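Predicted model, so just to flag it, every value in this text is computed and none were measured. Chain letters run A, B, ... following the sequence lines, proteins first and then strands; every chain starts at 1.
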Protein chains: 2
Amino acid sequence: MAVLNSPTRSGITSADPQRAGERPVETRWDIIELLFFAYRDFVGDPDHVLEEFGFGRAHHRVMHFVYRYPGLNVADLLEVLRITKQSLGRVLKQLLDEGYIVQKAGDADRRQRLLFATAKGEALVGKLAGLQTDRIVRALRGLDASGAEAVRKFLLGMIDHDDPDKVLEAILRADGKMVKA
Amino acid sequence: MAVLNSPTRSGITSADPQRAGERPVETRWDIIELLFFAYRDFVGDPDHVLEEFGFGRAHHRVMHFVYRYPGLNVADLLEVLRITKQSLGRVLKQLLDEGYIVQKAGDADRRQRLLFATAKGEALVGKLAGLQTDRIVRALRGLDASGAEAVRKFLLGMIDHDDPDKVLEAILRADGKMVKA
DNA sequence: AATTTAGGACAGCCATGTTGACATATCTTG
DNA sequence: CAAGATATGTCAACATGGCTGTCCTAAATT
């Protein structure tokens, strides 16, 4: 039987140059670890389903953003995923070949290949998003409206806002509107 | 210039069997995407530092849990990371060879190799945790105490509580105590 | 007409995940 | 004590999904 030692209590403090001289910030081991476990389980649900389809996480990410932003072009998709053309090419080719995504030449610029999810693709995205939504809704139970709003603000605050890709920009814009509405 | 279409508004609804017959739950695209971007940036900070050390994310995860739970044995580490012995072996060997971690035979069971971070290891973990803490603290600014508590509850609620590994169990126990205190 | 851009495709490398087999030391049990 | 179970380490081999660099075509831009 392994007996687990208590978590370390250390004096490790902030490296934020903006806060030099101020009262040091205690390391947020709690949030760091909660985020690790939360994300692990959050992506774990889809992983099982994807396996049945012979797909991986990379396919999920591509399908998700193509479905959500219909007509997305390849360059913007590369930016949001932060991967290279080659890496994207591999999974995108599979999704095209197996009929989850279709391409359409751009209207203004016919070099562009705009991406759209097919009905088959939508079904897959919906299945995966359903699992994740269930988990989110469960986690939000027990929080009131202001608690849920705090969660949104927190997640938004965790994101780098400088030099956003086109998709992130759209999300940030939409979020700004939501607050006012 | 690519013009991004608006996000899809679909009728995709919950797959939660517990909610069959009830009002369908709207897909939480907002939280799904916020989590994606938040986690991307959350792990992005450490990634840059790790590169300078010739390490990857796998090394970070190992170092983190070894530092936080001193004397952790290999079996428990495998469980929390959810990887195989072989995968762990590769990165653990490097961390041992380069003096970031040391092993000690178990006291009660001398087959066990209990793991401890060296001063060098602690320094690395501290640097990485500092970056992540800075981001977390920034994200929590603008939230009051009840908002921060909502964030903790949400993250906790996102985690599977059945069949927890030893490390997660310790965290859940600690969290229970915190609520009362 | 020349250059740039959007996208695709090639070869090949690396990190990190997987399985299965097997070895050693040690603990537990009949 | 002998036998079996357990903790760990190690080897070979493979898959996925990152990466780089090069080169190609078609279409847009200058």
Atom pairs, protein N/O to nucleotides 24-30 of chain C N/O, distance under 3.5 Å:
| unit_1 | atom_1 | unit_2 | atom_2 | d |
| --- | --- | --- | --- | --- |
| dT26(C) | O2 | R111(B) | NH1 | 3.3 |
| dC27(C) | OP1 | R110(B) | N | 3.0 |

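Contacts classified as salt bridge (Lys or Arg N to Asp or Glu O under 4.0 Å) and involving residues 48-62 of chain A (residues at least two apart or in different chains) are given here: D47(A)-R57(A). Applying the ring pair (Phe, Tyr, Trp, His ring centres under 6.0 Å) test to pairs two or more places apart or on separate chains, those with a residue in residues 74-107 of chain B are F55(B)-Y100(B). Residue pairs meeting the salt bridge (Lys or Arg N to Asp or Glu O under 4.0 Å) criterion with at least one member in residues 83-102 of chain B, sequence neighbours excluded: K93(B)-D97(B).
Around the NZ atom of K120(A), the shell of radius 6.0 Å holds more than 12 heavy atoms that belong to other residues, nucleotides or ligands.
Near-neighbour residues of DNA chain C inside residues 56-64 of chain B, defined by a heavy atom below 4.0 Å, number-ordered: G56(B), R57(B), A58(B), H59(B), R61(B). The stretch residues 79-94 of chain B comes close to DNA chain C through R82(B), I83(B), T84(B), Q86(B), S87(B), R90(B), each having a heavy atom under 4.0 Å from the strand.
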One pair to check against side-chain contact (heavy atoms from CB on, under 4.5 Å): F154(A) and R152(B). What are the steps and the verdict? CA-CA 10 Å; F154(A) 169 74; R152(B) 285 179 48 85; over 6 Å; no

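dA15(C) atom C1' lies 13 Å from atom CG of L50(B), rounded to whole Å. Atom pair H48(A):NE2 and dT18(C):P shows a separation of 13 Å (rounding to whole Å applied). Rounded to whole Å, the distance from CG on D47(A) to P on dT16(C) is 18 Å. The distance from atom CG of L78(A) to atom C1' of dC19(D) is 13 Å, rounded to the nearest whole Å. Spacing between atom NZ of K104(A) and atom P of dA6(C) amounts to 19 Å, rounded to whole angstrom units. What separates CG of L95(B) from C1' of dG9(D) is a distance of 16 Å, to the nearest Å. Between F55(A) atom CZ and dT16(D) atom P there is a gap of 12 Å when expressed in whole angstrom units.
With Q132(A) contributing its side chain and F42(A) its backbone, the two residues share a donor-acceptor pair below 3.5 Å. Checked by atom type and distance alone, the side chain of D41(A) never pairs as donor or acceptor with a backbone atom of G44(A) at under 3.5 Å.
Remark: R40(A) pairs with D165(B) by the salt bridge (charged side-chain N to carboxylate O under 4.0 Å, His left out) rule, at least two apart or across chains. With sequence neighbours excluded, the residues satisfying side-chain contact (heavy atoms from CB on, under 4.5 Å) with T84(B) are Q86(B), S87(B). Residues meeting the side-chain contact (heavy atoms from CB on, under 4.5 Å) test with V62(A), sequence neighbours left out: V66(A), L77(A), L81(A), L88(A), V91(A), L92(A), L95(A), I101(A). The side-chain contact (heavy atoms from CB on, under 4.5 Å) check on V49(B) picks up F53(B), K127(B), L128(B), L131(B), with sequence neighbours excluded. Under the side-chain hydrogen bond (donor to acceptor under 3.5 Å, both in side chains) criterion, H59(A) pairs with Q94(A), not counting sequence neighbours.
Between L155(B) and V151(A), the closest side-chain pair of non-hydrogen atoms is not below 4.5 Å.
Between the axis at the start and the axis at the end of the helix from dA1(C)-dT30(D) to dG30(C)-dC1(D) there is an angle of 20°, using five pairs per end and rounding to 10 degrees.
Contact annotation for Q103(A): backbone-only contact, meaning every heavy-atom pair under 4.0 Å involves sugar-phosphate atoms and none involves a base.
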